[in-house]
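A, B, ... follow the sequence lines: proteins, then strands. Residue 1 opens every chain.
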Amino acid sequence: MSARGGGDEVPIAADADVVRVRQLVRARAQAAGLGLVDLTKVVTAASELARNTLVHGGGGTARVEAVAGTTAGGRPRSGVRAVFVDAGPGIPDVRAALQDGWSSGTGLGLGLSGARRLVDEFDLTSGVGSGTRVVVVKWGR
Amino acid sequence: MSVESWGAVLAEHQADLQASWLAEVAPPLAGRVTRQELERDGRELFGALAAGAAVSGSFSDGAYDELRAVLTELSRSRARQGLTPSETATSVFAVKTAFLRAPGVQPDAAFVALSQFVDELGLFTFEVYVEARERVIGEQSEQLLELSTPVVKLWDGVVAVPLVGTLDSARTQVVMEKLLQSLVDTGSEHAIIDITGVPAVDTQVAQHLLKTILAARLMGAECQISGISPQIAQTIVALGIDFGEIRTRATLADALVHALRSTGADVVRGAGAPARTGR
Ligand SMILES: Nc1ncnc2c1ncn2[C@@H]1O[C@H](COP(=O)(O)OP(=O)(O)OP(=O)(O)O)[C@@H](O)[C@H]1O
Ligand SMILES: [Mg+2]
């Protein structure tokens with residue numbers, strides 16, 4: 001898998017930035033040829049992760065870029081990758097946080113676990129006191 | 001070249017200047033602006049420039065009113081044709097190039113290079129500035145759209161709110177409060193939230209919907225959600241959001257029929273409608 005360059009980095013510091021991340025992901029996913037269902041899924045996942053970055057991580061950044069790769073069968077495919085980074089408090093218990101319905105606040109607790117189901121690749125690294133980084137990839141069919 | 005002398009060059013070689021201007025601007029705009037249009041632009045541009053130059057060397061002078069009008073029209077039509085600010089401004093900078101190529105003009109090479117370089121700096125700044133402005137305007141219009149979401153009375157006892165655009169916490173809250181208030185104001189027992197115009201439903205939007213429906217229920221009203229597209233339905237399921245006992249309908253029309261039936265109204269097809277066979 002390779003990044004095709006031309007990625008965009010957006011700060012996430014306010015509600016309006018979550019909207020901007022969503023629009024950026026939508027545009028990139030459209031350019032990568034994702035269908036309406038996959039497009040809606042990855043936009044929704046990005047919305048969840050951007051809001052977590054804002055609400056739980058105290059703000060951070062999102063990087064959105066086009067990616068190219070190959071399927072298991074060797075067919076070329078393109079997709080979109082989004083990377084969310086914050087230097088917030090981190091997640092003490094990642095296993096719990098990834099469980100449906102687990103929230104440290106008053107949310108539904110479905111953002112993280114739901115986002116994982118909505119994308120093709122999901123990678124979360126978090127350390128208490130050192131922040132959180134989530135990378136997601138969604139491929140076109 | 002002094003001010004008087006560029007006026008003189010123009011007076012003497014206008015046709016040549018126009019031709020080299022055209023040669024400069026046409027290739028990058030090929031296929032987007034027609035050649036006839038560019039020829040006309042060149043004629044008007046150099047015509048107005050010559051008329052002004054015959055009177056004054058200062059662009060702020062009234063002698064250049066006509067040139068300003070030509071430039072205004074040129075900018076507007078380029079914008080409508082979807083050209084970038086740089087592409088538009090390049091048509092003006094090409095005037096300089098045309099002069100430098102005019103017969104008898106011997107420009108200082110170093111100065112020409114510097115001048116072109118600074119033009120590029122200017123264009124770059126201009127481009128970034130316009131982009132930033134457009135983003136501000138885009139955000140504002142989006143916010144307006146969201147704020148203007150109306151609650152409409154569809155029928156006696158039935159109110160609906162068509163949600164459009166991206167929903168964010170504060171705005172969703174406003175819309176939902178408006179909906180609950182209108183249930184009270186109109187004494188309605190049915191509310192329909194139509195999400196046809198919502199591109200994505202995430203947990204936050206879902207939570208607002210669920211809370212509103214619960215609140216409506218506590219007020220003795222029934223609330224339906226309509227306009228759930230297939231892609232949003234699949235996303236909601238994958239997210240794990242449970243809409244449980246909430247009535248969802250594919251279209252606003254379906255939701256309205258249901259609401260009318262439960263208010264006791266008869267919903268029948270008129271005589272003019274085609275008869276339906278079977279069920
Ligand atoms: N970037 C982050 N930094 C710190 N903690 C986080 C971060 N992202 C998630 N968490 C923790 O993981 C929990 C689960 O996240 P998740 O998005 O699933 O639920 P939520 O945000 O609480 O509610 P919602 O369903 O509305 O998203 C959060 O409550 C929070 O404690
Ligand atoms: Mg969340």
What part of A/Arg20 is in contact with chain B, defined as an atom under 4.5 angstrom from a non-hydrogen atom: side chain, backbone, both or neither?
side chain
I'd like to know if the side chain of A/Arg22 and the backbone of A/Ser47 have a donor-acceptor N/O pair within less than 3.5 Å.
no
If you take all heavy atoms of A/Val21 and A/Ala46, which pair is closest and at what distance?
CG1-CB, 4.4 Å
Checking side-chain hydrogen bond (donor to acceptor under 3.5 Å, both in side chains) against B/Arg78, which of B/Thr90, B/Thr84, B/Asp41 comes through?
B/Asp41
Backbone N/O of B/Ala221 and side chain of B/Glu189: donor-acceptor pair under 3.5 Å
no
Between the side chain of A/Asp120 and the main-chain N/O of A/Trp139, is any donor-acceptor distance below 3.5 Å?
yes
Quick one: do B/Glu37 and B/Arg80 make a salt bridge, cutoff under 4.0 Å?
no
Does anything in residues 99-106 of chain A get under 4.5 Å of chain B by heavy atoms, and if so which residues?
A/Thr106
Quick check on A/Ala115 against chain B: is it the side chain, the backbone, both or neither that has a heavy atom closer than 4.5 Å?
backbone
Short question: side chain of A/Thr71, backbone of A/Arg75 - any donor-acceptor pair under 3.5 Å?
yes
Just give me the residue among A/Leu39, A/Val43, A/Asp38, A/Leu118 that pairs up with chain B most often, heavy atom to heavy atom, under 4.5 Å.
A/Leu118
